[in-house]
Amino acid sequence: MAILKVARLGHPVLRKVAERVDPASIPTPAVQRLIDDLIETMREYDGAGLAATQVHTLKQIAVVEVLGNPRYPDAPAVPLMVLVNPIVTPLTDEMEEGWEGCLSVPDMRGMVPRFTSVRLQCLDREGQTVDVIAKDFFARVCQHETDHLNGMVYLDRMRNLSTLSYVAEWNKHWLGLREQDD
Ligand code: NI
């Protein structure tokens with residue numbers, strides 16, 4: 001296992017569409033190693049998810065996990081999931097604004113509208129079919145990571161950039177406000 005270098009905004013790889021993974025290749029050492037490295041890298045940097053695109057590999061693979069994450073202290077838990085060839089389909093027109101950050105856009109947060117309920121279809125690391133309904137924060141993370149696999153970052157989804165903040169300023173000016181509003 002290895003901690004991989006994460007591409008930052010401006011690296012052209014983040015704007016490319018990742019290639020679909022041949023399901024027959026999922027058990028191979030190369031794909032399994034990539035999955036292990038994605039998990040280790042996500043955990044090292046306290047990400048809620050990480051897409052292969054972000055580690056300079058244009059394959060449709062992402063990992064998600066939220067478990068007592070210091071970057072998202074109030075987020076509901078999301079168990080570790082490996083998403084191979086994920087397809088996310090909105091199940092509602094309802095969107096909710098929520099704060100997001102991204103390991104490829106370090107030290108920043110912004111309010112991003114996301115569908116509150118989506119269907120997630122993908123394969124797991126054993127090549128088994130996954131077909132689940134994801135809601136709220138889990139739905140948000142799925143949308144964020146699948147966007148990466150399609151060459152998009154959360155900034156593209158913001159209605160405008162007026163909430164875009166450095167983390168220090170976000171803690172000072174936005175976090176308290178948000179909690180009062182809730
Ligand atoms: Ni991201």
Side-chain angles (χ1 to χ4, degrees), residues 1-86 88 98-110 112 114 120 122-128 130 134 137-157 164-168 170-171:
M1 303 234 286
I3 294 164
L4 304 176
K5 189 173 180 192
V6 177
R8 303 201 306 175
L9 191 66
H11 195 297
V13 76
L14 293 173
R15 295 313 195 166
K16 301 214 163 104
V17 177
E19 284 180 14
R20 197 175 167 278
V21 175
D22 176 359
S25 74
I26 294 175
T28 63
V31 172
Q32 291 294 314
R33 192 180 318 120
L34 171 61
I35 291 169
D36 285 337
D37 290 349
L38 282 168
I39 294 168
E40 191 176 14
T41 304
M42 170 179 68
R43 288 175 172 167
E44 173 69 16
Y45 296 115
D46 295 318
L50 188 66
T53 300
Q54 293 177 273
V55 295
H56 312 83
T57 304
L58 289 168
K59 289 184 188 302
Q60 294 265 347
I61 302 176
V63 295
V64 303
E65 182 182 49
V66 181
L67 267 179
N69 189 324
R71 284 178 75 238
Y72 299 94
D74 300 323
V78 175
L80 175 66
M81 282 186 74
V82 176
L83 283 53
V84 179
N85 299 334
V88 166
W99 290 104
E100 293 188 20
C102 180
L103 297 180
S104 294
V105 188
D107 199 31
M108 300 205 87
R109 294 286 185 278
V112 186
R114 297 287 189 185
L120 169 67
C122 62
L123 300 175
D124 67 14
R125 69 179 304 166
E126 278 87 43
Q128 299 295 312
V130 174
F137 190 71
F138 181 29
R140 175 173 297 279
V141 173
C142 290
Q143 290 167 83
H144 180 115
E145 299 310 326
T146 50
D147 272 357
H148 275 304
L149 299 176
N150 291 304
M152 295 186 71
V153 297
Y154 77 83
L155 304 170
D156 304 325
R157 300 291 195 185
L164 191 63
S165 308
Y166 288 105
V167 167
W170 176 72
N171 278 321

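Numbers here simply count residues along the sequence, with the first being 1.
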Side-chain contact test, heavy atoms from C-beta onward, threshold under 4.5 Å: evaluate it for Leu58 versus Glu19 and give yes or no. no

Which atom pair, heavy atoms only, marks the closest approach of Tyr45 to Leu103? O-CD2, 3.5 Å

Could you tell me whether a side-chain N or O of Gln54 sits under 3.5 Å from a main-chain N or O of Val6, the two making a donor and an acceptor? no

List the atom of Gly101, the atom of Tyr154, and the distance in Å for their closest heavy-atom pair. C-CE2, 3.8 Å

About how many Å separate CD of Gln128 and SG of Cys122, when rounded to the nearest 0.5 Å? 11.5 Å

After noting the C-alpha distance and the side-chain angles of Gln32 and Val82, does the key distance pass the side-chain contact (heavy atoms from CB on, under 4.5 Å) rule? CA-CA 11 Å; Gln32 291 294 314; Val82 176; over 6 Å; no

Roughly how far apart are Asp147 CG and Leu155 CG, rounded to 0.5 Å? 11.0 Å

Is a side-chain N or O of Asn150 found less than 3.5 angstrom from the main chain of Met152, in a donor-acceptor match? no

Salt-bridge criterion met for Arg8 and Asp107 (N-O under 4.0 Å): no

In Å and rounded to the nearest 0.5 Å, what is the CD1 to CG distance from Ile61 to Leu50? 11.5 Å

Distance, nearest 0.5 Å, that separates CG of Leu120 from CD of Glu145: 11.5 Å

Residue pair Arg15 / Val153, side-chain heavy-atom distance below 4.5 Å: yes

Nearest non-hydrogen partners of Gln60 and Ala18, listed with the distance: NE2-O, 2.8 Å

So His11 and His56, do their side chains get closer than 4.5 Å, heavy atoms only? yes

To check you understand the geometry: which heavy-atom pair defines the closest contact between Arg140 and Val112, and what is its length? NH1-O, 2.8 Å

If the threshold is 4.0 Å, N to carboxylate O, is there a salt bridge linking Arg114 and Glu100? yes

Let me confirm one number: the CG-CG distance from Leu38 to Leu4, rounded to the nearest 0.5 Å. 6.5 Å

Around atom CD of Glu44, are there more than 12 heavy atoms from other residues, nucleotides or ligands closer than 6.0 Å? yes

With no hydrogens and no angle check, is any side-chain donor or acceptor of Glu65 less than 3.5 Å from a backbone partner on Val78? no

Do Met108 and Leu164 make a side-chain contact, defined as non-hydrogen atoms from C-beta onward lying under 4.5 Å apart? yes

Give me the one residue out of Val63, Leu83, Ile39 that meets side-chain contact (heavy atoms from CB on, under 4.5 Å) with Arg125. Ile39

What is the distance from atom OG of Ser104 to atom NE2 of His148, rounded to the nearest 0.5 Å? 5.0 Å

Heavy atoms of Val13 and Ala7 approach each other most closely as CG1-CB, 3.8 Å

Could you check if a side-chain atom of Leu123 sits within less than 4.5 angstrom of a side-chain atom of Ile26, using non-hydrogen atoms only? yes

How close do Met81 and Phe138 get, heavy atom to heavy atom, and via which atoms? SD-CZ, 3.3 Å

Ignoring hydrogens and geometry, is there a side-chain-to-backbone donor-acceptor pair from Thr146 to Pro86 under 3.5 Å? no

Quick check: do Arg109 and Val167 have side-chain heavy atoms less than 4.5 Å from each other? yes

